[in-house]
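Values in this document were obtained by computation on a predicted structure and should not be read as measured data. Residue numbers start from 1 in every chain, and the chains themselves are labelled A, B, ... in the order their sequence lines are given, proteins ahead of strands.
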Amino acid sequence: MSTMTLAKALNAGLRAAMENDPKVLVMGEDVGKLGGVFRITDGLQKDFGEDRVIDSPLAESGILGTAVGMAMRGYRPVCEIQFDGFVYPAYDQIVSQVAKLHFRSQGRVPMPMVIRIPFGGGIGAVEHHSESPEAQFAHTPGLKVVACSNPVDGYWMIQQAIASPDPIVFLEPKRQYHADKAEVDTTAAPDPLFASRVVRSGDAATLIAYGPTVKTCLSAAEAAAQEGRELEVIDLRTLSPLDLDPVFDSVRRTGRAVVVHEAHVNLGMGSEVAARITEQCFYSLEAPVLRVGGFDTPYPPSRIEEDFLPDLDRVLDAVDRALAY
Amino acid sequence: MSTMTLAKALNAGLRAAMENDPKVLVMGEDVGKLGGVFRITDGLQKDFGEDRVIDSPLAESGILGTAVGMAMRGYRPVCEIQFDGFVYPAYDQIVSQVAKLHFRSQGRVPMPMVIRIPFGGGIGAVEHHSESPEAQFAHTPGLKVVACSNPVDGYWMIQQAIASPDPIVFLEPKRQYHADKAEVDTTAAPDPLFASRVVRSGDAATLIAYGPTVKTCLSAAEAAAQEGRELEVIDLRTLSPLDLDPVFDSVRRTGRAVVVHEAHVNLGMGSEVAARITEQCFYSLEAPVLRVGGFDTPYPPSRIEEDFLPDLDRVLDAVDRALAY
Amino acid sequence: MTAVPDVFHASQAAWHGGGPELVQLLTPEGERVEHPGITLDLGDAAQEAEAIRGFYRDMVLTRRIDTEATALQRHGELGIWAQLLGQEAAQIGSGRALRPQDFVFPTYREHGVAYCRGVDPLDLLGLFRGVDHGRWDPADHNFGLYTIVIGAQTLHAVGYAMGVQRDGAVGTGDEDRDTAVLAYFGDGASSQGDVNESFVFGASYHTPVVFFCQNNQWAISEPIERQSRIPLYQRALGFGFPGVRVDGNDVLATYAVTQAALQRAREGQGPTFIEAYTYRMGAHTTTDDPTRYRLNDDLERWKLRDPIERVRVYLVRNGLADEAFFAEIEDEAARMGEHLRAGCKALGDPDPRGIFDLVYAEQTPELAAQRDEFAAYLASFEEVAR
Amino acid sequence: MTAVPDVFHASQAAWHGGGPELVQLLTPEGERVEHPGITLDLGDAAQEAEAIRGFYRDMVLTRRIDTEATALQRHGELGIWAQLLGQEAAQIGSGRALRPQDFVFPTYREHGVAYCRGVDPLDLLGLFRGVDHGRWDPADHNFGLYTIVIGAQTLHAVGYAMGVQRDGAVGTGDEDRDTAVLAYFGDGASSQGDVNESFVFGASYHTPVVFFCQNNQWAISEPIERQSRIPLYQRALGFGFPGVRVDGNDVLATYAVTQAALQRAREGQGPTFIEAYTYRMGAHTTTDDPTRYRLNDDLERWKLRDPIERVRVYLVRNGLADEAFFAEIEDEAARMGEHLRAGCKALGDPDPRGIFDLVYAEQTPELAAQRDEFAAYLASFEEVAR
Ligand SMILES: Cc1ncc(C[n+]2csc(CCOP(=O)(O)OP(=O)(O)O)c2C)c(N)n1
Ligand SMILES: Cc1ncc(C[n+]2csc(CCOP(=O)(O)OP(=O)(O)O)c2C)c(N)n1
Ligand SMILES: [Mg+2]
Ligand SMILES: [Mg+2]
């Protein structure tokens, strides 16, 4: 049992994975001596050596492309993309190679690989440092996509992702890295990786979130509770595959749902979640599933990013609108 | 007035655009002497010279990245991506540069550019030659995305796209290139570029399609009509922005909608269209909006691609399911 | 105009015409010649003759695979075929230089190399027929699946080589352990970011990789000049490892150069770039029409440099092979043809229900459900039909 | 182990130690020296002195912009700042070699070049303060917006240069018409696919572009050795155009080399690669902590090569500048500091409602609606507040 930030929990999880399996390699820009710009790989190179914690040349396609080769040689590469906006030079390797090799080879070439991406905004950064690219990866068959939202999940999910035989895009809400601490019991059995979780119960409406917006939704639920309205909050945790049974159960009780993410609303995860809820809970819905997210503009300058990002007020506004039906 | 295939219509449209504006450049792999692997740029280099019809080195990021520079110098580049699956090496330039420069520069750096992509399957090709990447581009603010489905639209839409001041991903259903001919009146005023169109009227349900699936849906409607059921068919034509007013009007009358595309259903255009229809027509819907598309697997070997692609039967099956609610 | 300072010319001089000449050991006329610094090590005279007869046989069989597949495409049995006509020496010379433990990353045209790695040529047809995306097991042959996205596999090769390093399988001096990785790509591919990044990574980590570029002068309709104004092998120099241009229509030179480069890799001396200077005698693929973009003259000139003919002349002139030898190979080629024709038609379509199970190593509930729905949907037709 | 054939060593020899030496015209001790093939053309003696005083002034002001912005970041007025400390000569030497019609594509660190192009340094702060993504008009200064995605701008530069060619603005001999394009990037960027593709395209079309790489020895925490084992300027040779390594802490040499390379470009002689050998004296950005990855020794050694100090020594020793001159520049720098401090605080936040109108040149109904909804939403709070 120890109290950790998300950053420390991820670091500890990576360390545990490297201790458990000598085939686990960490690779990326500045992951060595520096320990990554967010210090998630802090100390790993010192302890596991330069052969297992590899500073790469400055080329994301190169990182992912060589990781494919390492995986083919029996290694389990964990690639760090420095910031969400810099995953795109590697996009081709991810969607055309990483995602397709298992299928292409009829299962003969497994692709155990984790692509760690610090994602989302709210840290006052310049352009390209606050993107939410998850929908693009979730749309790509062959990839799995998960997002952690708290230190306990960070510690366990990164290990589960590394142990998985499939390639996983692992999203880390960078805004939370050094935010809240939590008790992490490193001995307790974790929840399964590909399962969503009800993080607060309620009956008035269902809030669906992942990564950074889980906290937003919990605060919104808190605020609503003070006005006597109990909102259920679900942390999706896994974006591909989606685990929506708990969501359907919830919506069948509440009749109303709001999906909240930082990504652009248009074709964001919310559109898929909304479409599936409507398919599965058609007769239970009292209102259309509403979506709250980043606007359909590029990410704005950071001084006004809090206007762009969904916050407590915008979530509650959507809840009001849903309840008004 | 002349009768043309889609391929010829696009060729004629490109030619007209180049004649009208000396700043229009065509660039891509094999677009010169060969006229492109689909012959869409056939004869253009001969008539407009190597300075305006540019064979590029084999590098898609290079094509798009240099096109950005040409646009900044006052040109209107029309880039050909040889096949859908080869757009990904250029993905970074498209989503982080092409899409963002107007916003980044507060409108000072316009980015008039057309990115032509032959898309979709059904031509018996090997891997990477039958992809449907539209949702990823539609999810990206700053890009506009359109898809033509017939020779008349091909002729006009390519010219309108080239004339547009914004960057446009222009999707061409490659399976239709040499399929049906149509009368193209090169003098008649065209429909606006960013407008969807009702291509068949009906009252039983609304089919929503674009690109290659327009034909599929028209055949399905034909078949349904023979059984006395009139389906309305809408060709979206523009995927970003979406022009859904005609869809909403239709669904308010029919109460049922099925969205049909070749792209994977999960997070495909259908999810967004379904979510918006549900938001706007909640009380008119008799059934959830259903989606028919490519499965959530990589594109299969071509001998079984017709199982993967939505066809008349799968569309009608969905209509039946919608009507069963 | 301002005079251009000499410093630029000085550095230009370093590459204009510089570097080693084309390495050739067997002329188009079938004469054995020497090249400084390159030794053909095929054992004693008898062993060498045997090896060269082997190369001849390999090339003839490879060409037969190619012509047979082309014919199968014409007959509608394949959707498309990427022809290697003219590139037999480049592929057999390099393919035969490999040791079993070495690993190969091919493009879509390395049929000759596949054959050297013991892949049944029939297995190559599945992809082109459209019944699979590649049906051999890479691990069985140390031969990766064909890669269609231009250049992507060069990074895989470097990554694989990084794995080899981590396995301690470089520079041990153990012949059966030290491992090299061979990455194939074309002249067109040399322009891709990925390929250049593979040079960066390959050099940075000093990986045991050989970059083997078949410069067949064309990338579909684009001549090599569009990709590079200087000889391609010189690209390597700018990344800090050696580049060599070898006559890719000379199986002996290609073998010798590749063998040496692979050995450098195995010994831990880092990457080498080999430009195999050759020519794509056929179309880009069976759907291409080269008359639209190139003249016949070139083709005629290159015919005189045929990779197979020069070996035949050499063998005959030096009394190293008799009629019976050639006849036997013809027979073998005919049997290969028969094998492909019969086998190709027997390559059945996969069950479409199967695709859902191939996406992940660990199946997801979503896809399992999609599979069930699809199976039920198909079954509904079968019921109707019954 | 098999002996490695000489052919590899021959080609290695071509680059090991080969190529021109570091070009230097002013030593760290402030002594004027000559370099074969390079002429410093700044007019007659009086004009030259005037120009060098100008460089000095530019460098001092640039350093002040940098230290002032760093201080503003420390005071919370900027979110982050990318420091250029130590790179003043590389930027001023190259920036001053430009003609008005030339176009520049910067990274995020070219504050000195921006200053040369007449961009108000205050305008550089918006991006780092978080009030915009770049607030100057590229067309007003022929200076593009800062590009954060490493290397992306090098392709833009080549494309722009292709446009210049199509405008017939190369090789006409008209001084005011012939146009060069200058692309900046870092040593780390040299590993990106895009940068290497820009070399391919630049060479293939023989574009009027100069690739200016500030090798400041570090890409955040990674030393240059991770990107290249050989001097970076040699990269160009593999792509078929000249590469030169210049002392990037020597403003005279940087000016002379860049001026000549730009002139080659304008004359239609194609691309040139310049490696400005320099050192990032500060952190990568204000959020970086270089003590985690580099030793102080290096820093101390590089302090002796300070780009500004050597010019001061040269001016003083040769009696080309007096106390008044230096005092005047100090005053000017102080005024610049004041300008930035006052101006920065006055850089107001943009109206969030405005972002919807900036996405497209032609607004879409969707975004217009989103804007209206958002405005109404904001207004609802204002109503509540009232
Ligand atoms: C990324 C990508 N872009 C475009 C293509 C289409 N394409 C297939 S082969 C080819 C030319 C390849 O030329 P080269 O590398 O010289 O190899 P060759 O075909 O001559 O063996 C092109 C452009 C592709 N497969 N992948
Ligand atoms: C594509 C991409 N990957 C990663 C980053 C994060 N990043 C910003 S600066 C930098 C190092 C750049 O080094 P170099 O090119 O040498 O330029 P310098 O900062 O030294 O001027 C990195 C990795 C980025 N901006 N873009
Ligand atoms: Mg080729
Ligand atoms: Mg640097």
Which atoms of [X] approach chain D - backbone, side chain, both or neither, heavy atom under 4.5 Å:
X        : answer
B/Pro241 : both
B/Ser96  : side chain
B/Leu244 : neither
B/Ser240 : side chain
B/Met27  : side chain
B/Asp55  : backbone
B/Gln97  : side chain

Best-contacting candidate, [options], against chain B by heavy atom pairs under 4.5 angstrom:
options                                : result
D/Val164, D/Leu367, D/Val158           : D/Val164
D/Asp167, D/Asp132, D/Thr154           : D/Asp167
D/Thr364, D/Asp137, D/Ile355, D/Asp140 : D/Asp137
D/His133, D/Glu197, D/Arg166           : D/Arg166

Under a 3.5 Å distance rule, please check whether [X] uses its side chain to pair with a backbone N or O of [Y] as donor and acceptor.
X        : Y        : result
D/Glu366 : B/Leu242 : yes
D/Tyr360 : B/Leu143 : yes
D/Asp194 : B/Gly62  : no

Margin query: Run the side-chain contact (heavy atoms from CB on, under 4.5 Å) test on D/Phe103 and B/Met72 for me, step by step, so that the C-alpha distance in whole Å, both residues' side-chain angles and the decisive distance to 0.1 Å come before the verdict.
Written below: CA-CA 11 Å; D/Phe103 202 99; B/Met72 288 180 70; 4.2 Å; yes
Atom [atom1] in [X], atom [atom2] in [Y]: separation rounded to 0.5 Å?
X        : Y        : atom1 : atom2 : value
D/Met162 : B/Tyr75  : CE    : OH    : 10.5 Å
D/Leu358 : B/Arg108 : CG    : CZ    : 9.5 Å
B/Ser61  : D/Gln192 : OG    : CD    : 9.0 Å
B/Lys100 : D/Leu145 : NZ    : CG    : 14.0 Å
B/Ile54  : D/Ser204 : CD1   : OG    : 10.5 Å

Tell me, for [X] versus chain B, whether the close heavy atoms (under 4.5 Å) come from the side chain, the backbone, both or neither.
X        : answer
D/Ala152 : both
D/Ala183 : neither
D/Phe356 : neither
D/Ser198 : neither
D/Thr207 : neither

Margin query: Evaluate B/Thr66 against D/Tyr160 for side-chain contact (heavy atoms from CB on, under 4.5 Å), listing each step before the verdict.
Written below: CA-CA 7 Å; B/Thr66 55; D/Tyr160 192 95; over 6 Å; no
Can you tell which of [options] has the highest number of heavy-atom pairs within less than 4.5 Å of chain D?
options                               : value
B/Pro77, B/Gly107, B/Ser164, B/Gly142 : B/Gly142
B/Met70, B/His102, B/Arg52            : B/His102
B/Lys23, B/Lys144, B/Gln106           : B/Lys144

Next item on the list: Walk me through it: do D/His156 and B/Gln93 pass the test side-chain hydrogen bond (donor to acceptor under 3.5 Å, both in side chains)?
Entry: CA-CA 10 Å; D/His156 306 169; B/Gln93 284 287 348; 2.9 Å; yes
Note to self: I'd like to know whether CD of B/Glu50 has more than 12 heavy-atom contacts from other residues, nucleotides or ligands below 6.0 angstrom.
What the structure shows: no
Item checked: Heavy-atom side-chain contact between B/Asp92 and D/Val149 under 4.5 Å -> yes
Check: Which pair of non-hydrogen atoms, one from B/Arg73 and one from D/Ala169, has the smallest distance, and what is that distance?
Finding: NH2-CB, 4.3 Å
Check: Should B/Asp51 and D/Tyr205 be marked as a side-chain hydrogen bond (donor to acceptor under 3.5 Å, both in side chains) after you check the CA-CA gap, both sets of side-chain angles, and the distance that decides it?
Finding: CA-CA 10 Å; B/Asp51 266 3; D/Tyr205 300 120; over 6 Å; no
